[in-house]
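Encoded as structure tokens, the structure appears first; notes follow it.
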Amino acid sequence: MSVTEATEKKIVQKELTLNMGPQHPSTHGVLRLVLDLQGETVVGVDPRPGYLHRGIEKWMESRTYHQIIPMTDRLDYISCMCNNLGYVVAVERLAGINVPERAQVLRTLTAELTRISSHLIWLGTSAVDIGAMTVLLYAAREREFILDLLEMATGARLTVSYARIGGVRNDVPRDFLDKCREFTELFPKRLEEYDTLIRENRIWLKRTVGIGVMAAGEAINYGLTGASLRGSGVNYDLRKVEPYAAYDKVEFDVPLGKNGDVYDRYLVRINEMRQSNRIIKQCLDLLKPGPITTNDPRYAVPDKINVMKNMESLAHQFVLMSKWVPMPAGEVYVATEGSKGELGFYIVSDGSGRPYRIKIRAPSYVNLSALPAMATGHMMSDMVACIGAIDIVLGECDR
């Protein structure tokens, strides 16, 4: 036996356990991944969230139904209006509150603006993770336009707290509608710029095609929703399945993938932005004059101008802001289509002005559970692509 052969026999392959995160740019926040590596190949993944835990569901249970609205902004803080909308729809379903048509259209319009903004953040950050810097700079340009629009409509750029139980906080100025229409004309051309940069780029294709494959059945078993599920070819979008707000009044397609890999999830989200732009255009056409909040005096917050003028409105506002009103006893679960997937609010009411129990089904948290199945067998560098394709936000994972 030669010396070389003897040396090779003595070499024992060992697995290396490595911590990725919790402070790591490509884990998109404070996510810790315990990786088992064989060389650079991932043979095991143990996601360990919890480093951002704030007990937000328990906070909600100590506040009135109205006071909870700004707390929903702090879940998926990239997609705040979708969170606001999901929560108020659940409360309205519980109490049987009717919402005026103009308010429903405004909700849908601002939610789709937020969805595009969220997808632009996903596109830019996941591209940077893989090595494409230019895309982030381009995506940030259009996201800034959207933030300007949201500021015009709501007075806030990120944590908008725009939805109200029974309607929206305020009507939008005429300038907003004009600028919004300008955005819908501009955005498709800009989206084509991003897509042209990387869709057929050979480096992008090598980093995404065939990586993190999830077959349709496997994706369903893991409870995936949103683009992570539709990338596997499963046609499930709550805006179509269980329409809410004004989604039953607009037409849009549900983009689907075929192979369930990182590349297909990229294509789905790109096409979703096109469909969101299409929805916004229709909302602008559907917007007719009318009230923006329910006419039920139990739930309608008085206009600020009336609060400043007469004692009755001031007293009414004080009661709503400090105590709210007794809600019907019972329980409700309402799911809406957030930018990451199915966002569900389960509310138990004991008949008081505060919820007895709130449980949030956060899409990022559920989708994260599929990461070990996606990444095992790939190289460690592919782990970054899989995380980006899921599009997680730790604010809603660690509630």
Gap between atom CD1 of I280 and atom CG of D285 - 0.5 Å precision: 12.5 Å
Geometric cation-pi criterion, K323 with F318: 6.0 Å, 45°: no
Residues D303, K309: salt bridge by 4.0 Å N-O rule: no
Test: R190 cationic atom under 6.0 Å from F187 six-membered ring centre, within 45° of axis: no
SB check R354 E61 (cutoff 4.0 Å): no
Under 3.5 Å side-chain donor-acceptor pair for S117 and R143: yes
Full working for ring pair (Phe, Tyr, Trp, His ring centres under 6.0 Å) between Y346 and Y333: CA-CA 4 Å; Y346 173 64; Y333 175 79; 7.0 Å; no
Distance-only side-chain donor-acceptor flag, K340 / S118, under 3.5 Å: yes
Salt bridge present between R157 and E144 (N-O < 4.0 angstrom): yes
R357/D350 ion pair, N-O < 4.0 Å: no
Ring-face cation contact, W204 with R199, 6.0 Å cut, 45° max: no
Heavy-atom neighbours of I203 CD1 exceed 12 at 6.0 Å: no
Under 3.5 Å side-chain donor-acceptor pair for D296 and N98: no
Nearest heavy-atom neighbours spanning T27 and P22: OG1-O, 4.0 Å
Exercise: do S276 and E112 side chains pair donor with acceptor under 3.5 Å: yes
Donor + acceptor pair across side chains of R32, N19 (<3.5 Å): yes
Expected output: side-chain R265 to main-chain G260 donor-acceptor under 3.5 Å: yes
N-O pairing of K240 and E251 below 4.0 Å: no
Donor + acceptor pair across side chains of E396, Y365 (<3.5 Å): no
Within 6.0 Å of CD1 in I305, more than 12 heavy atoms from elsewhere: no
L267 side, atom CG; N259 side, atom CG - distance, nearest 0.5 Å: 9.5 Å
D237 and R230 ion-paired at < 4.0 Å: yes
Partner of L113 by side-chain contact (heavy atoms from CB on, under 4.5 Å), out of L149, I279, V160, N277: L149
Y65 to Y87 - nearest heavy-atom pair and separation: O-OH, 2.7 Å
R274/E192 salt bridge by N-O under 4.0 Å criterion: yes
side-chain hydrogen bond (donor to acceptor under 3.5 Å, both in side chains) evaluation trace for S126 with D129: CA-CA 5 Å; S126 59; D129 287 344; over 6 Å; no
E331 and Y356 side chains, donor-acceptor separation under 3.5 Å: no
